[in-house]
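Report on the following structure.
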Amino acid sequence: MPSFEEARSTILDAVRPLGAEVVSLLDATGRVLAEDVAATRDLPAWDNSAMDGYAVRSESAWAAGGLAVSAYIPAGSPGAEPLEPGTAARILTGAPLPAGADAVVPFEQVEERDGRVILRAQVRAGANVRRQGEDIRAGERAVAAGTVVGAAEVSFFAASSRLSVPVFRRPRVAILSTGDELVEAGAPLAPGKIHDSNGPAVAAAVKEVGAEPILLGIARDTPESLRRKLGEGLRADALVTSAGVSKGDRDLVREVLAELGVSQLFWNVDVKPGRPMAFGLRDGAPVFSLPGNPVSTLLTFEEFVRPALLKMMGHRRVLRPLVPAVLQDALRKKAGRVSLARVRLERSDGALRAWSAGDQETGMLRTTLRADGIAVLPAEWGDVRPGTTIDVQVCGGGFEVRAA
Ligand code: AMP
Ligand code: MG
């Protein structure tokens with residue numbers, strides 16, 4: 001049985017980024033750039049003013065009688081005639097600097113008298129001028145492949161007049177719930193039945209990652225029903241099932257997947273919770289068979305499926321950062337395997353503190369609802385005492401910061 005880390009590296013070694021597609025800047029946001037993007041021209045495209053003020057020739061601007069105002073250059077104007085010595089041009093931010101001018105003196109630093117401007121202080125060459133190409137040079141690869149497109153990247157693309165960029169494709173992820181006890185949420189419950197919460201939950205998690213969920217609904221615990229639904233799911237870029245993967249006599253998911261040509265890379269992981277989980281491949285597409293218990297489904301998705309989908313989308317940072325936090329209460333744990341504990345986090349007195357988010361049994365959704373993160377407790381640890389520094393993956397919206 002693979003350890004937590006071994007299972008994760010088996011999965012990450014098995015999946016590859018999907019192909020690229022060209023999408024609009026807005027659709028590219030949050031996705032990973034598939035190629036380097038170079039500047040098509042200098043930014044800025046010409047020398048221009050960084051301030052509202054007067055464009056001057058710095059060497060002759062400190063003239064006793066001041067400078068005659070020779071032109072007015074607002075932003076958007078095509079520019080002005082070359083600046084004659086002894087004159088200044090009134091210029092606004094972003095407007096082209098006239099030839100001959102090499103500095104801009106802000107309005108606050110001049111006196112205006114009888115149509116002439118008198119400087120209050122010396123001006124140095126280059127002051128308040130944005131030089132052509134000083135930001136980004138034409139041809140420079142300003143944004144590298146592998147970058148996650150955010151507002152700053154979009155700013156560069158738009159400034160370079162690009163309407164679309166190549167990004168890695170989003171995987172289409174088929175999601176199947178399995179079990180004779182399941183009824184679709186919204187439908188009435190007969191005795192012994194429960195509503196399918198894993199299907200919608202996994203779909204939500206897939207969406208949060210930025211991939212595209214395809215809901216296949218519910219398969220019954222019969223070979224026929226599983227064959228039909230799993231066969232459908234194997235047409236997607238990835239398949240995520242829940243339940244039917246332990247040792248019960250109705251647990252047929254692995255058997256039917258094998259029949260459909262899925263080669264299993266492992267079954268069962270030495271982690272608590274999340275042990276009964278299988279992973280396989282068919283034609284390079286990953287197949288995740290997650291445990292059915294809703295909390296285990298969510299945790300195994302977070303630890304194993306999320307990083308794989310991120311890698312398929314071209315992301316290089318696929319694991320959440322681990323942040324150290326000081327445990328405030330005790331956590332029960334058996335030595336020998338990694339254990340995942342749901343914790344609440346709070347930042348106070350300059351330290352990050354963690355509390356158990358509640359009963360750690362996998363039946364307790366309430367604990368997951370209250371959690372800010374998942375503590376990854378090393379295999380060799382036994383019970384964890386208050387005051388221990390633990391590693392926590394911060395999930396979702398982060399944690400509260402309390403003033404001291
Ligand atoms: P199994 O792995 O099939 O034995 O399922 C483990 C537990 O998870 C059982 O209590 C199931 O009723 C429950 N379960 C399985 N699938 C779902 C689901 N889609 N939504 C909610 N609970 C589920
Ligand atoms: Mg079942």
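Note that ligands are numbered from 1 as they come in the structure, with each ligand's atoms numbered from 1 the same way.
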Counting each atom of ligand 1 from 1 as listed, which ones have a heavy atom of [X] under 4.0 Å away?
{"X": "Ser177", "answer": "19 (N)"}
{"X": "Asp196", "answer": "18 (C), 19 (N), 20 (N)"}
{"X": "Ser246", "answer": "2 (O)"}

According to the interplanar angle, ranging from 0 to 90°, do the rings of Phe288 and Phe279 count as parallel (below 30°), tilted (30 to 60°) or perpendicular (above 60°)?
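The rings of Phe288 and Phe279 sit tilted, inter-plane angle from 30° to 60°.
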For Phe301, all residues meeting ring-ring contact (aromatic ring centres under 6.0 Å, His included), sequence neighbours excluded:
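So Phe301 forms no ring-ring contact (aromatic ring centres under 6.0 Å, His included) with any residue.
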Say whether [X] and ligand 1 are in contact under the criterion: heavy-atom distance to a ligand atom below 4.0 Å.
{"X": "Gly248", "value": "no"}
{"X": "Pro294", "value": "yes"}
{"X": "Pro291", "value": "no"}

Using a 6.0 Å cut-off, check whether atom CD of Glu184 has over 12 heavy atoms from anything other than its own residue.
no
Lys333, NZ: over 12 other non-hydrogen atoms inside 6.0 angstrom
yes
Specify side chain, backbone, both or neither for [X], according to which of its non-hydrogen atoms lie closer than 4.0 Å to ligand 1.
{"X": "Ile218", "value": "neither"}
{"X": "Ser197", "value": "both"}
{"X": "Ile194", "value": "side chain"}

Does some non-hydrogen atom of the protein lie less than 4.0 angstrom from atom 10 (O) of ligand 1?
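Within 4.0 Å of atom 10 (O) of ligand 1, no protein heavy atoms are found.
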Name the option, out of His195, Arg250, Glu181, that contains the heavy atom nearest to atom 12 (O) of ligand 1.
Glu181
How close does the nearest protein non-hydrogen atom get to atom 18 (C) of ligand 1, and which residue and atom is it?
Asn198 ND2, 3.2 Å
In terms of residue, atom name and distance, what is the protein heavy atom nearest to atom 13 (C) of ligand 1?
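Here the closest protein heavy atom is Gly292 O, 3.7 Å.
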Side-chain atoms of residues 96-113: list all donor-acceptor pairs with protein atoms under 3.5 Å, sequence neighbours left out, distances to 0.1 Å.
{"unit_1": "Asp102", "atom_1": "OD1", "unit_2": "Ser58", "atom_2": "N", "d": "2.7"}
{"unit_1": "Asp102", "atom_1": "OD1", "unit_2": "Ser58", "atom_2": "OG", "d": "3.2"}
{"unit_1": "Asp102", "atom_1": "OD2", "unit_2": "Ser58", "atom_2": "OG", "d": "2.8"}
{"unit_1": "Glu111", "atom_1": "OE1", "unit_2": "Arg113", "atom_2": "NH2", "d": "2.7"}
{"unit_1": "Glu112", "atom_1": "OE1", "unit_2": "Tyr54", "atom_2": "OH", "d": "2.9"}
{"unit_1": "Glu112", "atom_1": "OE1", "unit_2": "Arg90", "atom_2": "NH1", "d": "3.3"}

Does an N or O anywhere in Gly199 fall below 3.5 Å from an N or O of ligand 1?
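Between Gly199 and ligand 1, no N or O pair is found under 3.5 Å apart.
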Taking Arg220 for the side chain and Gly179 for the main chain, is one N or O donor matched with an acceptor at less than 3.5 Å?
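Side chain of Arg220 to backbone of Gly179, a donor-acceptor pair under 3.5 Å: yes, one is there.
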Donor-acceptor pair, distance only, cut-off 3.5 Å: does the side chain of Asn268 make one with the backbone of Asp270?
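Not a single qualifying donor-acceptor pair exists.
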What do the steps show when you test Arg344 against Asp372 for salt bridge (charged side-chain N to carboxylate O under 4.0 Å, His left out), and what is the final call?
CA-CA 5 Å; Arg344 280 192 310 116; Asp372 303 309; 5.8 Å; no
